[in-house]
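Scroll down for the structure; my scribbles are underneath it.
Below, each value reflects all heavy atoms present in this structure, side chains not excepted, and no hydrogens, waters or symmetry copies. Fair warning: this is a prediction, and the values are worked out from it, not measured in the lab. Note that the numbering runs from 1 along the sequence shown for the chain.
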Amino acid sequence: MAPKIGLSPSVVLAPDEHGYLSYDIATGRLHHLNPTAALVAELCDGTRDTAEIDAAVAPLLGSSAPDVCRTWIASALAAGLLRETDSQDGTAEHPFQAFQQPKALAARAWRLRDRGLVLPAFVCQWHAAHLEPTNASHWLALGELAHIVGRRAAARDAYDKYLAMSPDDAEIGHLLVSLRDEPAPPRAPDRCIEQLYARFATFYDENMCGELEYRAPACLDAAIAAAVNTRHDLLVLELGCGTGLAGRLLRRRARRLIGIDLSEAMMARAAATGAYDALEVAEITGWLARTDRPPFDLVAACDTLIYFGDLRQVIVPATRHLAAGGWIAFTLERDGRYPFCLTDSGRYAHHPDHVREVAEEAGLTVRQLDTVNLRYEYGEPVAGLVVVLQKEVGA
């Protein structure tokens, strides 16, 4: 009796754009399977021998089926992707079967991701989620990994499943707006920002300045220095001050520094820096809508306007709070799509021409509009804009 052919218990599969990805837990090897190999792998379920697999694929591959199947099966057996088994159902005990439990696979995915092995992590997490589909955390982790490895449809599907089980997650709801190609809202919802930074606050500085090589505060500081020269007597407003990474640099130019932010958790970290004379938990456009404010010499926003689409909703009211000759300085993520777009990260990216148009409408002069590298994300540089606008004396 010919042996049956089955997938090795140490191997997990996930669909790919061009077939399947397989990851071998035993060897740590990742295999890319083309559509034909993926079809044969699906048929290798431990219930068929080679001749039966040949017969199953013959209607699709025609006369070449036996040669194609036998050649690939032989190479897959040699690589450990497949194995021969006398079991009728392919479920014979194997030491690696314990590692194919959902929790073990999810834990392995996390360790692989931490080592930068994101494609194997994606395969393990995909398998974990489909083995335990009622576990919301599996789908959340799969959505994040799918986004990292550029599987947009898989990210959308995973986040859809997660949100069905966790409908109060405003951050994921906002990400899905872009992933579903729906019209972008004017800005990220308040609840999204609050949830995002409540989770992020405790490790924000370490993550941004370490792993992501965050340069936006330094880029903004250099641009401000070029604009204000040696002045150190400015009344400064920082929009979206976060943990105070930019505020610590702004401090040396300020006689008084005021920070506002929507996140209480981030604000607590900012207060601990001692850089600010006053801090207030507030939504930016609501705060700027009030009239009981002194004229500021400098309004700064470091990676804050990435949560707004049309910049008019911030720049125009901020200009009303600007002293004659004062500056508005900020960073953005850059994109070639005009005027701006909501990216799959949930952040907005802006075209330089949009900045110029908004500055003109607000009566501001563009003093600097340069492309910079703000940080790294998943190993790739994030292109940004550093902008300085000035309100002319007498304006």
Less than 3.5 Å apart, which donor and acceptor atoms pair up between the side chains of residues 140-148 and the rest of the protein, not counting sequence neighbours?
unit_1: Glu144; atom_1: OE1; unit_2: Arg113; atom_2: NH1; d: 3.2

- Flag, side chain of Asp297 to backbone of Leu235, donor-acceptor distance under 3.5 Å: yes
- Item | Stepwise salt bridge (Lys or Arg N to Asp or Glu O under 4.0 Å) check, Glu392 with Arg367 | CA-CA 11 Å; Glu392 298 297 339; Arg367 295 302 183 194; 2.8 Å; yes
- I would like to know whether Asp205 and Arg248 meet salt bridge (Lys or Arg N to Asp or Glu O under 4.0 Å); could you show each step before the answer? CA-CA 13 Å; Asp205 290 8; Arg248 280 173 277 197; 3.3 Å; yes
- Query: How long is the gap from CG on Asp353 to CD on Glu357, to the nearest 0.5 Å?
  - Reply: 6.5 Å
- Check the side chains of Ser263 and Asp261 for a donor-acceptor pair under 3.5 angstrom, ignoring hydrogens and angles. no
- Mind checking whether Val358 and His350 have side chains closer than 4.5 Å, heavy atoms only? no
- Is the number of heavy atoms from other residues, nucleotides or ligands within 6.0 Å of CD (Glu360) greater than 12? no
- Task: For salt bridge (Lys or Arg N to Asp or Glu O under 4.0 Å), just list the numbers for Arg375 and Glu333, CA-CA rounded to whole Å, side-chain angles, deciding distance to a tenth of an Å, and then say yes or no.
- Result: CA-CA 10 Å; Arg375 64 181 179 283; Glu333 291 187 14; 2.6 Å; yes
- Query: When hydrophobic residues are tied together by side-chain contacts of less than 4.5 Å, even through go-betweens, does Trp126 share a cluster with Tyr159?
  - Reply: yes
- In one Ile/Leu/Val/Met/Phe/Trp/Tyr side-chain cluster, 4.5 Å: Val40, Leu82: yes
- Task: Measure the shortest side-chain to side-chain distance between Arg187 and Glu283 over non-hydrogen atoms and say whether it is less than 4.5 angstrom.
- Result: yes
- Closest heavy-atom contact between Ala216 and Thr331? O-CG2, 4.1 Å
- Message: Under 4.0 Å between a side-chain nitrogen and a carboxylate oxygen: does that hold for Arg191 and Asp168?
- Response: no
- Task: Assess whether side-chain contact (heavy atoms from CB on, under 4.5 Å) is satisfied between Gln125 and Trp139, documenting all intermediate values.
- Result: CA-CA 8 Å; Gln125 190 61 51; Trp139 294 109; over 6 Å; no
- Task: Treating Ile, Leu, Val, Met, Phe, Trp and Tyr as nodes and any side-chain heavy-atom pair under 4.5 angstrom as an edge, say whether Leu364 and Leu305 lie in one connected cluster.
- Result: yes
- Query: Do Pro339 and Asp310 have side chains that get closer than 4.5 Å, going by heavy atoms?
  - Reply: no
- Message: So does Ile258 get a backbone contact from the side chain of Asp277, meaning a donor-acceptor N/O pair under 3.5 Å?
- Response: no
- Would a 4.5 Å heavy-atom cut-off, applied to side chains only, mark Trp72 and Leu33 as touching? yes
- Taking side chain as C-beta onward, heavy atoms only, is His351 less than 4.5 Å from Asp335? no
- Query: Is Arg152 paired with Asp181 through a side-chain N to carboxylate O contact shorter than 4.0 Å?
  - Reply: yes
- Query: Can you find a pair of side-chain heavy atoms, one from Leu239 and one from Phe330, that are under 4.5 Å apart?
  - Reply: no
- Message: Other residues, nucleotides and ligands only: do more than 12 of their heavy atoms fall within 6.0 Å of CH2 on Trp287?
- Response: yes
- Query: When you check the gap from the basic side-chain N to the acidic O, do Arg199 and Asp169 get nearer than 4.0 Å?
  - Reply: no
- Message: If you define the side chain from C-beta out and look only at heavy atoms, does anything of Asp160 sit under 4.5 Å from Arg180?
- Response: yes
- Going by heavy atoms in the side chains, are Leu385 and Asp370 under 4.5 Å from each other? no
- Between the main-chain N or O of Leu212 and the side-chain N or O of Glu377, is there a donor-acceptor pair closer than 3.5 Å? no
- Note on the structure: Heavy atoms of Leu279 and Cys241 approach each other most closely as CD2-SG, 3.8 Å
- Side chain of Asp16, backbone of Gly19: donor and acceptor closer than 3.5 Å? no
- Can Leu311 be reached from Val366 by stepping across I, L, V, M, F, W or Y side chains whose heavy atoms are under 4.5 Å apart? yes
- Message: Show the nearest heavy-atom pair for residues Cys124 and Val12, with the distance to one decimal.
- Response: SG-CG2, 4.2 Å
Without placing hydrogens or testing angles, list every side-chain donor-acceptor pair under 3.5 Å for residues 314-321, not counting sequence neighbours.
unit_1: Thr319; atom_1: OG1; unit_2: Ile315; atom_2: O; d: 2.7
unit_1: His321; atom_1: NE2; unit_2: Leu288; atom_2: O; d: 2.7
unit_1: His321; atom_1: NE2; unit_2: Arg290; atom_2: O; d: 3.3

- Message: Looking at Glu264, I'd like to know if its CD atom is crowded, meaning that more than 12 non-hydrogen atoms belonging to other residues, nucleotides or ligands lie closer than 6.0 Å.
- Response: no
- Task: Classify the angle between the aromatic ring planes of Tyr307 and Tyr197 as parallel (below 30°), tilted (30 to 60°) or perpendicular (above 60°).
- Result: perpendicular
- For the pair Lys391 (side chain) and Leu322 (backbone), establish whether a donor and an acceptor sit closer than 3.5 Å, ignoring hydrogens and angles. yes
- Note on the structure: What one should report as the nearest heavy-atom pair of His138 and Ala106 is CE1-CB, 3.7 Å
- Task: For the pair Arg253 (side chain) and Leu234 (backbone), establish whether a donor and an acceptor sit closer than 3.5 Å, ignoring hydrogens and angles.
- Result: no
- Query: Is there a donor-acceptor pair under 3.5 Å between the side chain of Asp233 and the backbone N or O of Arg255?
  - Reply: no
- Query: What is the distance from atom CZ of Phe200 to atom CD of Gln195, rounded to the nearest 0.5 Å?
  - Reply: 15.0 Å
- Query: Does any N or O in the side chain of Gln390 come within less than 3.5 Å of the main-chain N or O of Gly325, such that one atom is a donor and the other an acceptor?
  - Reply: yes
- Within the side chain of His18, is there an N or O that forms a donor-acceptor pair under 3.5 Å with the backbone of Asn34? no
- Geometric class of the Tyr348/Phe340 ring pair [parallel <30°, tilted 30-60°, perpendicular >60°]: perpendicular
- Minimal non-hydrogen separation, His174 against Gly346, with atom names: NE2-O, 2.8 Å
- Item | Check: Arg111 side chain, Asp114 main-chain N or O, donor-acceptor pair, under 3.5 Å | no
- Task: Please step through side-chain contact (heavy atoms from CB on, under 4.5 Å) for the pair Arg151 and Leu119, ending with a clear verdict.
- Result: CA-CA 10 Å; Arg151 270 61 174 180; Leu119 265 179; 3.9 Å; yes
- Item | Verify same cluster id: Leu77, Val57 (apolar side-chain graph, 4.5 Å) | yes
- Evaluation steps, side-chain contact (heavy atoms from CB on, under 4.5 Å), between Tyr23 and His127: CA-CA 11 Å; Tyr23 176 65; His127 207 60; over 6 Å; no
- Query: Rounded to the nearest 0.5 Å, what separation is found between the CD atom of Glu17 and the NE2 atom of His32?
  - Reply: 11.0 Å
- Task: Could you pull out the closest heavy-atom pair between Ile73 and Ile5, with the gap in Å?
- Result: CG2-CG2, 4.3 Å
- Message: Do the side chains of Lys103 and Glu132 get close enough for a salt bridge, i.e. N-O under 4.0 angstrom?
- Response: no
